[in-house]
Trainee: 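Questions regarding the structure given below will be posed in turn.
Every value quoted in this text rests on a predicted model; they were computed, and no experiment measured them.
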Amino acid sequence: MIFLLNDVTRIILSIVIVIVCVFLFIGTYLLNKRTKAPEGCKDPSSECEGCAMIGCSKHPQQNKEKEINKNND
């Protein structure tokens with residue numbers, strides 16, 4: 001079926017597919033952001049004492065760097 005389409009139709013179809021994918025991504029991101037955490041769910045950042053993964057955003061060293069940057073502004 002796709003072999004019967006001309007070049008312009010293929011380009012338009014490709015653009016439509018990309019736009020639908022972008023809207024699906026944005027929609028699911030917003031729905032996930034608005035979803036509340038279930039009852040009994042603990043905040044993992046409050047329990048994190050740090051590990052060997054310094055690049056982790058939950059690492060206490062990262063929090064100290066953020067506070068320093070806020071104070072400098």
Trainee: Using side chain to side chain contact (heavy atoms under 4.5 Å, CB included) as the criterion, list what pairs up with Ile26, not counting sequence neighbours.
Mentor: Val22, Leu30

Trainee: Quick one: list whatever passes side chain to side chain contact (heavy atoms under 4.5 Å, CB included) with Ile19, sequence neighbours left out.
Mentor: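 Checked Ile19 against side chain to side chain contact (heavy atoms under 4.5 Å, CB included); matches are Ile15, Phe23.
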
Trainee: Each residue besides Ile12 in its hydrophobic cluster should be listed here, by chain and number; the cluster joins Ile, Leu, Val, Met, Phe, Trp and Tyr at side-chain heavy-atom distances under 4.5 Å.
Mentor: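 Joined to Ile12, directly or through intermediates: Val8, Val16, Val20, Leu24.
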
Trainee: Which residues pass the side chain to side chain contact (heavy atoms under 4.5 Å, CB included) test with Ile17, sequence neighbours left out?
Mentor: Leu13, Cys21

Trainee: Would you tell me whether Thr9 and Asn6 have side-chain atoms, one donor and one acceptor, within less than 3.5 Å of each other?
Mentor: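 Judged by distance alone, the side chains do pair up.
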
